[in-house]
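One structure is given below, encoded as structure tokens.
Predicted model only: the values in this text are computed from it and were never measured.
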Amino acid sequence: MHALASSAPIPVIPADHDAGDFTIPAQPAKTADGGAQSGGDLVLNPARLAEVMASTRQVSQVLTAVFIDEESAERARSPDIEEPLAGGVAGLDPAHSRFVRALAAQPAWPRAELEAVAVELGLMASGAIETVNDAAFDAADAPLLEGHDPVELDREVLKEILDD
């Protein structure tokens with residue numbers, strides 16, 4: 001197979017050595033209003049183009065004002081997600097704090113049940129476990145959740161982060 005390989009290029013289509021096939025077209029003639037004119041080519045009217053551009057700028061300004069106002073109103077209506085809430089566990093956000101409190105109900109969880117709890121809270125189980133363990137290390141120098149199936153809670157760490 002390698003004996004058939006060649007280091008030289010293999011032509012797929014023979015080269016066209018006749019350079020006279022293509023020519024640069026002549027410049028189109030100008031019309032009285034400055035637009036280009038030729039057979040069936042596109043003709044641009046600079047005055048009309050300026051009108052369309054001005055109209056586009058006006059519409060853009062109106063839409064910008066509408067959407068900026070809506071975004072400002074939306075921010076005023078909804079609280080900032082990053083803002084810490086009272087009652088968080090070991091500095092965790094509300095969803096992860098609820099996750100820890102739910103898991104505190106029993107000392108070990110089958111992986112499927114733990115994943116169901118996470119999904120119910122809008123979390124991904126593996127990411128939630130990592131986030132909770134990071135917070136536990138910060139607060140107690142040990143992970144809260146260990147194992148894969150079942151996932152076990154360290155009761156001493158749990159007590160320490162809930163009292164934090």
Side-chain angles (χ1 to χ4, degrees), residues 1-17 21-22 41-42 44 46 48-164:
M1 177 91 152
H2 293 288
L4 297 176
S6 170
S7 62
I10 300 172
V12 177
I13 299 173
D16 182 10
H17 296 290
D21 289 350
F22 301 100
D41 289 345
L42 177 65
L44 294 179
R48 176 70 181 131
L49 186 59
E51 289 174 17
V52 171
M53 293 301 290
S55 174
T56 301
R57 279 191 294 276
Q58 288 175 343
V59 169
S60 177
Q61 289 172 350
V62 169
L63 291 176
T64 299
V66 167
F67 286 112
I68 288 175
D69 288 346
E70 285 180 9
E71 288 173 2
S72 299
E74 182 64 30
R75 279 193 295 266
R77 276 181 272 162
S78 63
D80 190 4
I81 293 173
E82 298 297 320
E83 184 178 308
L85 299 175
V89 174
L92 292 168
D93 63 13
H96 287 90
S97 294
R98 286 190 297 271
F99 183 65
V100 169
R101 287 188 182 106
L103 296 182
Q106 59 192 56
W109 288 79
R111 183 69 180 202
E113 289 180 26
L114 182 136
E115 288 179 356
V117 170
V119 167
E120 188 175 306
L121 295 170
L123 302 170
M124 293 174 42
S126 295
I129 291 170
E130 183 176 342
T131 300
V132 166
N133 279 341
D134 285 347
F137 269 110
D138 289 344
D141 292 325
L144 173 64
L145 305 169
E146 294 184 288
H148 181 72
D149 197 5
V151 176
E152 298 177 3
L153 273 79
D154 182 323
R155 291 308 221 184
E156 293 299 317
V157 173
L158 178 63
K159 184 178 186 302
E160 194 168 330
I161 66 172
L162 288 177
D163 290 342
D164 195 19

- request: Decide yes or no on side-chain contact (heavy atoms from CB on, under 4.5 Å) for Phe99 and Thr131, but give the supporting numbers first.
  value: CA-CA 11 Å; Phe99 183 65; Thr131 300; over 6 Å; no
task: Might you work through the side-chain contact (heavy atoms from CB on, under 4.5 Å) test for Leu145 and Glu152, ending with a clear yes or no?
output: CA-CA 6 Å; Leu145 305 169; Glu152 298 177 3; over 6 Å; no
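Side-chain atoms of Leu114 and Pro110, non-hydrogen and from C-beta on, never get closer than 4.5 Å to each other. Counting heavy atoms from C-beta on, the side chains of Arg111 and Val151 come closer than 4.5 Å. The closest side-chain heavy-atom distance from Leu144 to Ile129 is not below 4.5 Å. Within the 4.5 Å cutoff, side-chain heavy atoms of Leu92 are placed close to those of Ser97. Using a 4.5 Å heavy-atom cutoff, the side chains of Gln106 and Glu113 are in contact.
For Ser55 (side chain) and Glu51 (main-chain N/O), no donor-acceptor pair under 3.5 Å exists by modelled atom type. Between the side chain of Trp109 and the backbone N or O of Pro150, no donor-acceptor pair lies under 3.5 Å. For the pair Arg155 (side chain) and Ala104 (backbone), a donor-acceptor distance under 3.5 Å is present.
Taking the charged nitrogens against the carboxylate oxygens, Lys159 and Glu156 have no contact shorter than 4.0 Å, which rules out a salt bridge.
Here Asp134 contributes atom CG and His96 contributes atom NE2; the two are 10.0 Å apart, rounded to the nearest 0.5 Å. Interatomic distance, Glu115 CD to Asp149 CG, rounded to the nearest 0.5 Å: 8.5 Å. Atom-to-atom distance recorded for Arg98:CZ and Leu103:CG is 13.0 Å, nearest 0.5 angstrom.
Between Leu121 and Ala95, the shortest heavy-atom contact is CD1-O, 3.9 Å. The two residues Val157 and Ala140 come nearest to each other via the heavy atoms CG1-CB, 4.1 Å.
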